[in-house]
Every structure is written in structure tokens, then in C-alpha cells.
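Inspection log for the structure reproduced underneath, given as C-alpha cells.
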Amino acid sequence: MERLGIISGAYELRRRCFNGCEERRMENEFGTTVVYVGERAVFLPRHGRPQEGHILPHLINHRANLKALEDLGVKKIFALNSVGSLKADLLPGTFVIPDDFIALNPPGIATAKTGSEAHIVCTLSDPVRREILAAVQSAGIEVVPTGVYWQTPGPRFETKAEIRLMARFADIVGMTMASEAVAASERGIPYGALCSVDNYANGVGTGELKGEHIALAARAQLDRLVTIIESYRESFPAGR
């Protein structure tokens, strides 16, 4: 059975959008992943279950996660990511659908390939990007339709000098999306992402950069994320 995969760091979405799904612990040659499986959709909380501790960005097992989704028949992935803005005019509270990314070998990106087949071109799926755009617009929510995502290893925040460099080439910064996109590309699964700008990157805004402030901003976006997920699922033949 073909399924839609939805990945997010917001575990609360499990209750809000996937309450009737079956919790499964998937094991494969790369490790163990907890997922919530419905008839036509699978929810994967990338930071794990809160009761088992928060998985930091650089410790997420993307290879195990994507292999689990593949084993469950996932043929398309809609990911949701929290990011920082690299541009003063890209305000927190904005949604961005990236069409490309930069990931200059952060530790979180590890190939699942072992031979010459590892030399592949990794991309974000433009058809999925356009589907996400249509779903967000259908929900009546403003969105930036393209942008470049720069991935850093985490878990620390970037220095002001690093952010000045990144801002010359990218629009948003995060710690997970590119790794997922690479793992998805290796498995031939079309992958698109919706990024919620939850803060200004270090030195871009005037406020102090703190993890708890970002977490509060991300939670403030939950209602809109739920609306977008439901809008996307209505346009895709994948119910719970």
C-alpha cells in the first residue's frame, strides 16, 4: 500500500493530526524508529517520543528513519521544519517552502550507500513543493514559495560571523532538513518541506537568541500547521 510520510519535530502533531494511528517501533539495519501508522499516512516525529528524551539534531538517525518509511510503503514525504531567518526582511512567523539547500558535510548527513551508487544528485522535489504551496494557499495562509536552506550540524547556534557568511547564499538556517532530503533522495522518495521561521538567526535580529524562545514561537505555529497538514491531505489521496 502506498502511503504519505509526514515528518516533524513537533510531537504534539501526533495528537492533533494522527491520534488514531498505530504506534510502531520499526527496526532495520540502521537502527530503530518510532512511527505512527495510519491506513494511508505515516507520521514520524524526528526528535523521538518526549517520554524517551529529546533526540538532538546531530543525533537523529536519518538513515533508519527513511528506511522505516520506505518499508511502510511511503512514496512521498511532506516535512515540517523549524528554521531561523538569515534575512532581516524575512520575519519570524513566515512560512517558506525551500527549493534548494546547502549542507557542506555536517555530521548528520551519512550515506546509506556503500558503492559507486552513492554518487547521486540530491534534490528537493519540485512537484511536492508545488503541492505544498497549493495546500498552504488553499488554507489561506501566506507563504514564500522558494528559498535556500542552509544546514548546520547543531546543536549549538551559529556565530554571528557564520550567519553573515550564510546570509550571502541562503535565506533560512536549520539543523535537520538537508539530512532528511539526502536520505530520501537515496531511497528515491520525493521529498518536500515547509519551513516555519521561528526566530531571527544570531545577529540578524535585535533580541537574545534562546532555545526556549524558539520553542515558544514554534508552538505558536501549531494551529496553522494543523490546518496546512489537513489541507495537504485533502489534496492527496492519503487519509489517516
- [ ] Report yes or no: does S85 contribute a side-chain atom to a donor-acceptor pair with the main-chain N or O of L90 at less than 3.5 Å?
- [x] yes

Task: Spacing of E162 atom CD and L86 atom CG [to the nearest 0.5 Å] - done: 11.5 Å

Open item on the list: Are F18 and Y36 an aromatic pair, judged by ring center distance below 6.0 Å?
Closed with: no

Open item on the list: Can you see whether F43 has R24 sitting over its ring - NZ or CZ less than 6.0 Å from the centre and within 45° of the normal?
Closed with: no

TODO: Consider only side-chain heavy atoms of I, L, V, M, F, W and Y, link residues closer than 4.5 Å, and tell whether L222 and V136 are in one cluster.
DONE: yes

Task: Cationic N near anionic O, under 4.0 Å, E70 to R187 - done: yes

Open item on the list: Less than 3.5 Å apart, any donor N or O on the side chain of N61 or T33 sitting next to an acceptor on the other?
Closed with: no

Open item on the list: By the definition side-chain contact (heavy atoms from CB on, under 4.5 Å), identify the one residue from V148, V96, V144 that meets it with I172.
Closed with: V96

Task: E131 bridged to K76 by N-O distance under 4.0 Å - done: yes

Task: Nearest non-hydrogen partners of S231 and A135, listed with the distance - done: OG-O, 2.7 Å

Open item on the list: Is there a salt bridge (Lys or Arg N to Asp or Glu O under 4.0 Å) between R63 and E186? Walk through the geometry before answering.
Closed with: CA-CA 9 Å; R63 292 180 296 174; E186 288 191 338; over 6 Å; no

Open item on the list: Assess whether a salt bridge exists between E39 and R3, defined as any Lys/Arg side-chain N lying under 4.0 Å from an Asp/Glu carboxylate O.
Closed with: no

TODO: Output yes when E142 and R224 qualify as a salt bridge under the 4.0 Å nitrogen-oxygen rule, no when they do not.
DONE: no

TODO: Please round to the nearest 0.5 Å and tell me the distance separating atom CZ of F95 and atom CG of L133.
DONE: 13.0 Å

- [ ] Go through the steps for I102 and Y149 under the test side chain to side chain contact (heavy atoms under 4.5 Å, CB included), then give the verdict.
- [x] CA-CA 6 Å; I102 298 171; Y149 175 109; over 6 Å; no

Open item on the list: Rounded at 0.5 Å granularity, tell me how far CG in L225 sits from OG in S8.
Closed with: 6.5 Å

- [ ] Please check if the side chain of R46 supplies one atom and the backbone of N81 the other of a donor-acceptor pair under 3.5 Å.
- [x] no

Open item on the list: Is there a path of hydrophobic side-chain contacts, each under 4.5 Å between heavy atoms of I/L/V/M/F/W/Y residues, joining I214 to L216?
Closed with: no

Task: From CD1 (I228) to CG (D223), nearest 0.5 Å - done: 11.0 Å

- [ ] Rounded to the nearest 0.5 Å, what's the gap from CZ on R40 to NZ on K75? Could you check?
- [x] 12.0 Å

Open item on the list: Could you check whether any side-chain heavy atom of R233 comes within less than 4.5 Å of a side-chain heavy atom of F78, counting everything from C-beta outward?
Closed with: no

Open item on the list: I'd like to know whether N202 forms a side chain to side chain donor-acceptor pair (under 3.5 Å) with T159, so could you lay out the CA-CA distance, the side-chain angles of the two residues, the decisive distance to 0.1 Å, and finally the verdict.
Closed with: CA-CA 6 Å; N202 190 11; T159 68; over 6 Å; no

- [ ] Looking only at non-hydrogen atoms, find the nearest pair between E27 and T32 and report the distance.
- [x] CG-OG1, 3.6 Å

Task: Worked verdict on Q151 versus S179 for side chain to side chain donor-acceptor pair (under 3.5 Å) - done: CA-CA 8 Å; Q151 180 166 315; S179 295; 2.7 Å; yes

Task: Residue pair V74 / L4, side-chain heavy-atom distance below 4.5 Å - done: no

Open item on the list: Within a 6.0 Å radius of atom CD on E52, are there more than 12 heavy atoms belonging to other residues, nucleotides or ligands?
Closed with: yes

Open item on the list: As an exercise, state the distance from CE of M166 to CZ of R164, rounded to the nearest 0.5 Å.
Closed with: 11.5 Å

- [ ] Give the intermediate values and the outcome of side chain to side chain contact (heavy atoms under 4.5 Å, CB included) for residues S138 and Y232.
- [x] CA-CA 9 Å; S138 177; Y232 187 82; over 6 Å; no

